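In this text, all values refer to a predicted model and were calculated from it rather than measured experimentally.
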Amino acid sequence: IHRPIKFEPYSSYTSRTRDIAFWLPTNFVENDFYDFVRNTLPSDTVEDIKLIDNFTKDDLTSHCYRLTYRAWDRHLTAEEANHIHENLATEVVKIGGVVR
């Protein structure tokens with residue numbers, strides 16, 4: 001099947017990756033987390049979200065996600081990425097997650 005190739009624009013500026021691991025709330029749905037991140041953080045800074053680890057211990061499940069932050073118009077500093085990521089950790093606690 002031949003489909004037209006569509007060019008997806010990308011930023012040529014430096015990306016910053018940060019990991020967040022947390023114990024999941026009981027009503028956690030993974031796809032909802034992706035939407036939650038995109039709706040909570042500045043939309044022009046979250047480039048990618050990947051689940052990189054999960055495990056269960058004593059009936060609790062933990063997920064670790066790797067987030068890639070990148071600005072479209074400038075280099076994102078480490079301090080800016082840290083601030084955005086700290087805001088995410090605060091919001092995860094608000095929905096019942098326990099950041100580890």
Side-chain angles (χ1 to χ4, degrees):
I1 298 175
H2 297 283
R3 288 183 262 166
I5 297 172
K6 180 181 175 190
F7 175 74
E8 295 289 333
Y10 62 92
S11 173
S12 60
Y13 294 104
T14 306
S15 66
R16 305 284 179 176
T17 57
R18 300 288 182 272
D19 294 347
I20 186 167
F22 57 95
W23 296 106
L24 306 180
T26 55
N27 58 348
F28 183 82
V29 176
E30 188 173 341
N31 284 339
D32 291 348
F33 179 71
Y34 295 104
D35 292 337
F36 169 76
V37 169
R38 289 191 173 100
N39 292 329
T40 302
L41 300 180
S43 62
D44 60 340
T45 58
V46 179
E47 182 176 86
D48 192 32
I49 307 166
K50 290 181 183 170
L51 176 64
I52 60 170
D53 188 32
N54 64 47
F55 71 94
T56 301
K57 178 181 180 183
D58 301 330
D59 295 328
L60 294 173
T61 301
S62 173
H63 280 185
C64 181
Y65 291 90
R66 177 157 295 146
L67 289 92
T68 303
Y69 301 107
R70 186 188 312 256
W72 284 87
D73 58 345
R74 61 190 166 73
H75 290 285
L76 194 63
T77 67
E79 292 79 19
E80 289 172 309
N82 290 341
H83 179 72
I84 294 167
H85 202 67
E86 288 166 7
N87 288 342
L88 174 62
T90 300
E91 294 300 319
V92 164
V93 170
K94 288 180 184 176
I95 63 166
V98 179
V99 178
R100 16 180 234 105

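A continuous path of ILVMFWY side-chain contacts below 4.5 Å connects Val98 to Leu60, so both sit in one hydrophobic cluster. Residues Leu51 and Phe28 share a single hydrophobic cluster, defined by chaining ILVMFWY side chains whose heavy atoms lie under 4.5 Å apart. A single hydrophobic cluster is seen to contain both Leu88 and Val93, as judged by linkage of ILVMFWY side chains at heavy-atom distances under 4.5 Å, directly or through other members. A continuous path of ILVMFWY side-chain contacts below 4.5 Å connects Val46 to Val99, so both sit in one hydrophobic cluster.
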For residues 30-37, run the donor-acceptor check on the side chains, cut-off 3.5 Å, and write out each pair with its distance to 0.1 Å, sequence neighbours left out.
residue: Glu30; atom: OE2; partner: Tyr34; partner atom: OH; Å: 3.0

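Here the closest non-hydrogen pair linking Arg16 and Ala81 is CB-CB, 3.7 Å. Considering all non-hydrogen atoms of both residues, Arg70 and Glu47 come closest at NE-OE2, 2.6 Å. Considering every non-hydrogen atom in both Ala89 and Ile20, the closest pair reads CA-CD1, 3.8 Å. Across Ile84 and Pro42, no two heavy atoms sit closer than the pair CG2-CD, 4.4 Å. Closest approach of Tyr65 to Ile49, counting heavy atoms only: CD2-CG2, 4.0 Å.
Here Arg38 pairs with nothing under the side-chain hydrogen bond (donor to acceptor under 3.5 Å, both in side chains) rule; sequence neighbours left out. The side-chain contact (heavy atoms from CB on, under 4.5 Å) test applied to Ile52 returns Asp19, Lys50, Cys64, Arg66, not counting sequence neighbours. Listed by chain and number, the residues in a side-chain contact (heavy atoms from CB on, under 4.5 Å) with Ser62 are Trp23, Phe55, Arg100 (sequence neighbours excluded). Partners of His85 by ring pair (Phe, Tyr, Trp, His ring centres under 6.0 Å), not counting sequence neighbours, listed by chain and number: Tyr69.
Here the CG atom belonging to Asn39 is positioned 11.5 Å from the CD atom belonging to Glu91, to the nearest 0.5 angstrom. Rounding to the nearest 0.5 Å places OG of Ser12 at 7.0 Å from NE2 of His75. Rounding to the nearest 0.5 Å places CG of Leu67 at 9.5 Å from OG1 of Thr45.
Within the structure, side-chain hydrogen bond (donor to acceptor under 3.5 Å, both in side chains) pairs that include any residue of residues 51-60 comprise Thr56-Thr61 (at least two apart or interchain).
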